[in-house]
Amino acid sequence: MEKSDVENVIITDLIKCINFACIKHKDQRRQDRQRTPYINHPIGVAFILTNEAKITDLAVIKAAVLHDTVEDTDTTLEEIENIFGKEVSTIVAEVTDDKTLPKEVRKQLQIDHAPISSEKAKLVKLADKLYNLRDLERATPMFWSQQRIQEYYEWSRKVVEGLRGVNTPLETELDKIFATKLKISEVPKE
């Protein structure tokens, strides 16, 4: 296969993934006052990975685009595997919360699972946290109190601590946010 043929296959596969996520998230909105289309989030996470983290691994990028489909839509991991392959479905599985569990349990599990996640899952989680924290600065979800916002920053920092060591640019950007939003003494020194 020539280089241009390979590039066309990659582009087609990635667009197929984006289209799938768009269909699955079509009726969802973020909780901000603008009611931003939800699909902006997974596409933004993939953009952070490619643009800031310089990730070119197609499985990681596709998993970023699909990372909330199982958690927030009727998509199954089997469906992801059948359409996008085992590697992508494995990454998506690692970053998917079990919505049958109480919220506080899910949040603690993210902290607990972060250090033992695969490098590829850690990349998706780092970009996801960075997107969400930036989005929180841009447009606070409706009905979130200042206390809830502060708790989200603190919880996110705990998750990020377990994800460290896979991408310095993402970790640096997250540290900048934590330094401005949390007491400096709360941000661990390396």
Side-chain angles (χ1 to χ4, degrees), residues 6-101 103 106-107 109-110 113-114 117-142 152 156 159-160 163 166-167 169-170 173-174:
V6 172
E7 289 171 347
N8 287 338
V9 168
I10 291 170
I11 291 168
T12 300
D13 197 31
L14 187 55
I15 296 300
K16 177 181 175 183
C17 182
I18 294 168
N19 185 63
F20 179 91
C22 286
I23 291 167
K24 293 294 186 169
H25 291 297
K26 70 180 172 34
D27 295 324
Q28 295 176 321
R29 300 280 177 179
R30 297 287 272 184
Q31 294 180 0
D32 57 26
R33 294 201 186 285
Q34 296 84 3
R35 306 235 341 114
T36 306
Y38 191 85
I39 192 61
N40 291 10
H41 170 67
I43 292 172
V45 170
F47 182 74
I48 287 170
L49 284 167
T50 59
N51 187 55
E52 295 180 56
K54 305 301 183 205
I55 302 302
T56 58
D57 184 318
L58 190 57
V60 172
I61 297 164
K62 290 193 300 187
V65 171
L66 299 169
H67 81 274
D68 279 336
T69 56
V70 174
E71 189 173 314
D72 294 337
T73 75
D74 63 356
T75 307
T76 65
L77 286 170
E78 293 77 20
E79 186 177 9
I80 299 283
E81 183 174 348
N82 290 337
I83 299 170
F84 302 105
K86 180 71 173 166
E87 182 178 21
V88 172
S89 71
T90 299
I91 299 166
V92 171
E94 281 191 82
V95 300
T96 298
D97 285 352
D98 180 349
K99 287 278 185 113
T100 65
L101 298 173
K103 181 180 176 181
R106 292 192 316 262
K107 290 176 78 170
L109 285 172
Q110 280 199 40
H113 289 155
S117 297
S118 70
E119 183 173 317
K120 292 179 181 194
K122 286 181 178 185
L123 288 166
V124 174
K125 288 299 277 187
L126 283 169
D128 180 47
K129 290 292 176 249
L130 183 55
Y131 184 97
N132 283 336
L133 292 172
R134 286 175 175 167
D135 208 40
L136 191 56
E137 291 179 325
R138 179 193 65 80
T140 303
M142 292 183 292
Y152 188 83
S156 294
V159 175
V160 167
L163 301 171
V166 295
N167 191 275
L170 294 183
E173 289 302 308
L174 285 157

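Computation of the quantities below employed the complete heavy-atom set of this structure, encompassing side-chain atoms and omitting hydrogens, waters and symmetry-equivalent molecules.
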> Would R106 and E71 pass as an ion pair if we require N to O under 4.0 Å?
Replying inline: no
> Would you call E87-K62 a salt bridge at under 4.0 Å N-O?
Replying inline: no
>> If we ignore hydrogens and angles and just use 3.5 Å, is the side chain of N82 paired with the main-chain N or O of E78 as donor and acceptor?
In response: yes
> Is there a donor-acceptor contact under 3.5 Å from the side chain of D97 to the main chain of K99?
Replying inline: no
>> Could you go through M142 and R33, starting from their C-alpha distance and side-chain angles, then the distance that decides it, and tell me whether this counts as side chain to side chain contact (heavy atoms under 4.5 Å, CB included)?
In response: CA-CA 6 Å; M142 292 183 292; R33 294 201 186 285; 3.8 Å; yes
>> Run the side chain to side chain contact (heavy atoms under 4.5 Å, CB included) test on T75 and F20 for me, step by step, so that the C-alpha distance in whole Å, both residues' side-chain angles and the decisive distance to 0.1 Å come before the verdict.
In response: CA-CA 10 Å; T75 307; F20 179 91; 3.8 Å; yes
>> Does F47, at its CZ atom, have more than 12 non-hydrogen atoms belonging to other residues, nucleotides or ligands within less than 6.0 Å?
In response: no
> Do I55 and N167 pass the side chain to side chain contact (heavy atoms under 4.5 Å, CB included) test, and can you show the C-alpha distance, the side-chain angles, and the key distance before you say yes or no?
Replying inline: CA-CA 9 Å; I55 302 302; N167 191 275; 4.0 Å; yes
> What heavy-atom pair brings L77 and S89 nearest, and what distance separates the two atoms?
Replying inline: CD2-O, 3.7 Å
>> Test of understanding: with side-chain hydrogen bond (donor to acceptor under 3.5 Å, both in side chains), list the residues that count as partners of H25, not counting sequence neighbours.
In response: Q28
> Sequence neighbours excluded, which residues qualify as side-chain hydrogen bond (donor to acceptor under 3.5 Å, both in side chains) partners of D57?
Replying inline: K120
> Is there a side-chain contact between C22 and I39, using heavy atoms and a 4.5 Å cut-off?
Replying inline: yes
> Between R138 and D32, is any pair of side-chain heavy atoms under 4.5 Å apart?
Replying inline: yes
>> Checking D128 against V95 for the side chain to side chain contact (heavy atoms under 4.5 Å, CB included) test, could you report, in this order, the C-alpha distance in whole Å, the side-chain angles of both residues, the deciding distance, and whether it holds?
In response: CA-CA 10 Å; D128 180 47; V95 300; over 6 Å; no
> So which of D135, D68, D72, T36 actually passes side-chain contact (heavy atoms from CB on, under 4.5 Å) with H41?
Replying inline: D68
> Looking at V160, I48, L49, which one forms a side-chain contact (heavy atoms from CB on, under 4.5 Å) with L126?
Replying inline: V160
> Among Q110, E94, H67, H113, which residue meets the side-chain hydrogen bond (donor to acceptor under 3.5 Å, both in side chains) test with K125?
Replying inline: Q110
